[in-house]
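Read the numbers this way: they start at 1 and go in the same order the structure lists the ligands and their atoms. What's counted below: heavy atoms across the whole structure, side chains too, no hydrogens, waters or symmetry copies. Worth saying up front: this structure is predicted, and the values here are computed from it rather than measured.
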Amino acid sequence: MTNVVMRLLERFYSPYVGYSAMFLGLEASGKTTLLYRMKLGEVVQTIPSIGFNVETVQLKARARSDRVLNLTCWDVGGCGRGYHTNFLVMYALSCDAIVWLIDSSDRGRLEDSIREFTLVLGGIAEDKTIPPKERPVLILATKQDSPNALTLDEIRIRVAPAIRGRNVFSAGMSLTQSLTEGPIPDAFGWLLMALENASKTKPMPLEVPKPVIGRKLSNLEERLPEWLARAESDSPAADFLQQFEAITLPAWDHYTHIRIAYLLLIQFGRQKGKDKIFRGIEKYIASSAQTRGRTFHVTMTYFWIQIVHFGIRSTPPLIHSDADSGLGARISEPEESIEHDDFPRFLLLNPFVAEGNLWADYYSKGVMMSVEAKGGMVLPDIKPLPNLVVRDAISAS
Ligand SMILES: Nc1nc2c(ncn2[C@@H]2O[C@H](COP(=O)(O)OP(=O)(O)OP(=O)(O)O)[C@@H](O)[C@H]2O)c(=O)[nH]1
Ligand SMILES: [Mg+2]
């Protein structure tokens, strides 16, 4: 089942324009800051990420001054918090390199970071198509500007056992440092060299690597491949919306809700789409035999609209490889960037939408299940919903 993830990653993101790297590291280690620093050249205000941010960046590689590294970067929200190791490995297997960020100012969590990283590397090592040595690992010790930060040497000594036998370069940096001078271009210059050397010897994969078998799969690890397979064979967008309108959908479950929200928000935008979702779902619950025993829940509906909308806004345009044109690559026009039938790619980048109890990260049960929350919009009591203002600032830049 996990092969559907590999297949879709390949369909959307391969052949890559250049190379790809997965950014790993505990919460607040600086993954998103680095990504947008490279993409936009500035430090943007970040919020803890909940899904994937994927961007292709161009970096001058200092050691090879005439060369530019084209890197498609997968930034995944807080490893060790939301996602399980096997889930990260599914994605990491399709990347050419691993970039591991360590927060040098957080002495207390260095061991946690090493433990998580060791688990992911162990999972990747099960992929026999690429020998471990040939998937370069770049270790970035961020926040060197913080008082009392761990030095790069202290970190090197501590991480050594985790990276034995691998092709590794480590660098200490502050993410506010220059992108053309100093440790950042040095580190990515090394990465370019390592990737070029690896691809010279890389054998052609004969088969899609088998999913990694480890401990019991978490809910999301099972559900995402199921959802992707379902999305691939589902009825076209127009038919699906027609069935929603006619109260004849084949099922009424969490997947159905998310696809409804996705399609209506894409087609009508946030304001009009939200109204259509509210009215449509309320009508469906009132009229369908499938929904007997259920009542319309205002806050829950609002929550999922917000989450899906956030996911849509976080999904960057797809880069088409366009070898024939001689231009190398073409970025989708905004209006074609998320197509109506692009639901599988949306799921791939925003897998958290498949977690039916995601709301519990934001709302206590008592609040979400209250009469007030059912009948009207109630704000979350645990933490604010993902922030579209920050997201919009990133898009605007
Ligand atoms: N002083 C300093 N702060 C940094 C540096 N790198 C990142 N930060 C700050 O650390 C905080 C967390 O950075 P993020 O980029 O959001 O971290 P992340 O790894 O994406 O975190 P999650 O999305 O939760 O996994 C932000 O406030 C950054 O501005 C650095 O080199 N120096
Ligand atoms: Mg982040």
Do any N/O atoms on [X] end up under 3.5 angstrom from N/O atoms on ligand 1?
X	value
Lys143	yes
Asp75	no
Ala28	yes
Gln144	no
Thr142	no

Inspect the contact between [Y] and [X] and indicate whether a charged nitrogen and a carboxylate oxygen are less than 4.0 angstrom apart.
X	Y	value
Glu355	Arg223	no
Arg109	Asp112	no
Lys272	Asp275	no

Original post:
Hey, which atoms in ligand 1 end up nearer than 4.0 Å to a heavy atom of Leu175?
Top reply: 6 (N), 30 (C), 31 (O)
Original post:
Atoms of ligand 1 less than 4.0 Å from Ser174 heavy atoms?
Top reply: 31 (O)
**OP:** With heavy atoms under 4.0 Å as the rule, classify the contact between Asp145 and ligand 1 as side chain, backbone, both or neither.
**Re:**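 Within the 4.0 Å criterion, Asp145 contacts ligand 1 through side-chain atoms alone.
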Subject >> Shortest reach to atom 13 (O) of ligand 1 by a heavy atom, considering only Thr32, Thr33, Asn53 >> reply: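 Looking at heavy atoms only, the winner is Thr33.
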Subject >> Partners meeting side chain to side chain donor-acceptor pair (under 3.5 Å) with Gln290 (sequence neighbours left out) >> reply: Tyr284, Ser288
Subject >> Pairs touching residues 360-369 that satisfy side-chain hydrogen bond (donor to acceptor under 3.5 Å, both in side chains), sequence neighbours left out >> reply: Ser364-Asp381
**OP:** Give a yes or no on whether Gln243 atom CD has more than 12 heavy-atom contacts from other residues, nucleotides or ligands under 6.0 Å away.
**Re:** yes
Original post:
Gly25: heavy atom below 4.0 Å from ligand 1, yes or no?
Top reply: no
**OP:** Side-chain contact test, heavy atoms from C-beta onward, threshold under 4.5 Å: evaluate it for Ile260 versus Leu249 and give yes or no.
**Re:**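 Result yes, sub-4.5 Å side-chain heavy-atom pair found.
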Original post:
How about Tyr262 and Leu347: do any of their side-chain heavy atoms sit closer than 4.5 Å?
Top reply: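 No; the side chains remain at least 4.5 Å from each other.
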Original post:
Counting backbone and side chain alike, does Thr33 bring an N/O/S atom below 2.8 Å of the Mg ion (ligand 2)?
Top reply: no
